[in-house]
Each structure stands twice: as structure tokens, then as C-alpha cells.
Amino acid sequence: MPTLDDWNVRIRAEFRENAGYVAWSSPEESAAGRPIPPHMPGFPEKGMPLILVHHVGAKTGKARISPLFYQPVGDNWAVFGTHGGSPHDPAWYRNLMANPRTVIEAGAGEIPVEARLTAGEERARIWAQQIALVPKFAEFEAASGRQVPVVLLERV
């Protein structure tokens, strides 16, 4: 049975083959009931637009890559630490806060960025736009019992 690591490998390969778009969940993964992100309705046939966020483990120093759904914000990208409604922040969030200078893969290119946690009106505006696009994110925040971090990845 495929693991979450297997899913990440498949997503990264599909992302690179399709210039940033993926199907997210294969029919086999959905049928197996794997703990994978749910299908998000309202996206084109070619799949969901994602970015691959490179980050370094805050504790381990190990290089990692996370496929993340994003919202364009000007020339930058907002990403959301929903962690599927978990009460804990995702590891990529903690890693980016510890090591904010990194690289993302967007489309077919790599772009240097710096991660910054949004707050106040900026967070509220970006979060409201995200909820309008993907209402499931509001459910994730409610289930988590915490405010979902909204991280802005700004070009350097």
C-alpha cells in the first residue's frame, strides 16, 4: 500500500512532468483510503496548481521538498499550514520559520524566495480569498483549534 512518502514522490514527478499541475489524488489512492490530501473541487482537468517548496529541517538539517497548494499574491506565493485540520503545524512551516531563505519550484523553474509569516489585515485578506477559493480550508482551521499560518513566499 502506498505511503505518504510514496505520494510525495509521485506528486513531485507529476509536477515536473506537467509544469506545475498534478491530479493530487490518484483513483487508486482514493480507493485505498490513504491519508492523503482530499480532492479539491473547482480545478481544471489538468489538475491543481502547486509549487514545490524546498526547506531544511529545523532539527535535523535534512533537505526536504513539500508539494503545496498556493495562492498567487502579486509576484509572490501564499501557502497555508492547514495540515489537514491537525492541531499541529506542519513540519514545513516550522522549517521555513527556522530557515526562511529557500527555493521553490513554480511551473518549470526554480525561484529563490524568503518565507514570512503574515499577520493582521494582510493575513485576513489572503485567508478570506483562500476560503472563497477552497472552502474546505475553513473546515481545516475549525477542526485544528488553531489559527492556520499563512506564509508568504517572497521573491528575493
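What you see is a predicted model; the values in this text were computed from it and never measured.
- A donor atom on one side chain and an acceptor atom on the other are not found under 3.5 Å apart for Ser144 and His83.
- A donor-acceptor contact shorter than 3.5 Å is absent between the side chain of Asn8 and the backbone of Ser66.
- Leu152 and Val156 end up in different hydrophobic clusters when Ile, Leu, Val, Met, Phe, Trp and Tyr side chains are linked at under 4.5 Å.
- Between Phe137 and Thr82, the shortest heavy-atom contact is CD2-CG2, 3.8 Å.
- Taking hydrophobic clusters as Ile, Leu, Val, Met, Phe, Trp and Tyr residues chained together by side-chain heavy-atom distances below 4.5 Å, Val134 shares a cluster with Val73.
- A donor-acceptor distance shorter than 3.5 angstrom exists from the side chain of Glu141 to the backbone of Val148, with no hydrogens or angles considered.
- Not a single donor-acceptor pair under 3.5 Å links the side chain of Arg64 to the backbone N or O of Gly57.
- Ring-plane geometry between Phe80 and Trp127 is classed as tilted, the angle between the planes lying from 30 to 60 degrees on a 0 to 90 degree scale.
- Side-chain atoms of Asn95 never come within 3.5 Å of backbone atoms of His55 as a donor-acceptor pair (strictly under, hydrogens ignored).
- Checked by atom type and distance alone, the side chain of Arg155 pairs as donor or acceptor with a backbone atom of Asp75 at under 3.5 Å.
- Residues Ala115 and Leu96 share a closest heavy-atom pair of CB-CB, 4.0 Å.
- In this structure, OG1 on Thr102 lies 9.5 Å from CD on Glu110, to the nearest 0.5 angstrom.
- Residues Leu133 and Ile126 are members of one and the same hydrophobic cluster, defined by side-chain heavy-atom contacts under 4.5 angstrom among Ile, Leu, Val, Met, Phe, Trp and Tyr.
- Hydrophobic clustering (side-chain heavy atoms under 4.5 Å, transitive across Ile, Leu, Val, Met, Phe, Trp, Tyr) keeps Leu52 apart from Val103.
- Closest approach of Pro87 and Arg146 over heavy atoms only: O-CD, 3.3 Å.
- With rounding to the nearest 0.5 angstrom, the CG atom of Leu50 is 8.0 Å from the CZ atom of Phe69.
- For Ala106 against Ile111, the heavy-atom pair with the smallest separation is CB-CD1, 3.9 Å.
- Put simply, CD on Glu154 and CD on Glu114 are 7.5 Å apart, with the number rounded to the nearest 0.5 Å.
- Note that the CG atom of Leu153 and the CG atom of Asn76 stand 8.0 Å from one another [nearest 0.5 Å].
- In this structure the side chain of Met97 reaches within 4.5 angstrom of the side chain of Val151, judged on heavy atoms.
- When hydrophobic clusters are built by joining Ile, Leu, Val, Met, Phe, Trp and Tyr residues whose side-chain heavy atoms come closer than 4.5 Å, directly or via intermediates, Leu117 is grouped together with Val79.
- When side chains are defined from C-beta on, Val53 does not count as touching Trp92, because their heavy atoms never get closer than 4.5 Å.
- Salt-bridge annotation for Arg12 and Glu105: absent, with no side-chain N of the basic residue lying under 4.0 Å from a carboxylate O of the acidic one.
- Side-chain atoms of Arg123 do not come within 3.5 Å of backbone N or O of Val150 as any donor-acceptor pair.
- Separating the CD1 atom in Ile65 from the CD1 atom in Ile11 is a distance of 13.5 Å, to the nearest 0.5 Å.
- When all heavy atoms of Asp89 and Pro149 are compared, the closest pair comes out as OD1-CG, 3.5 Å.
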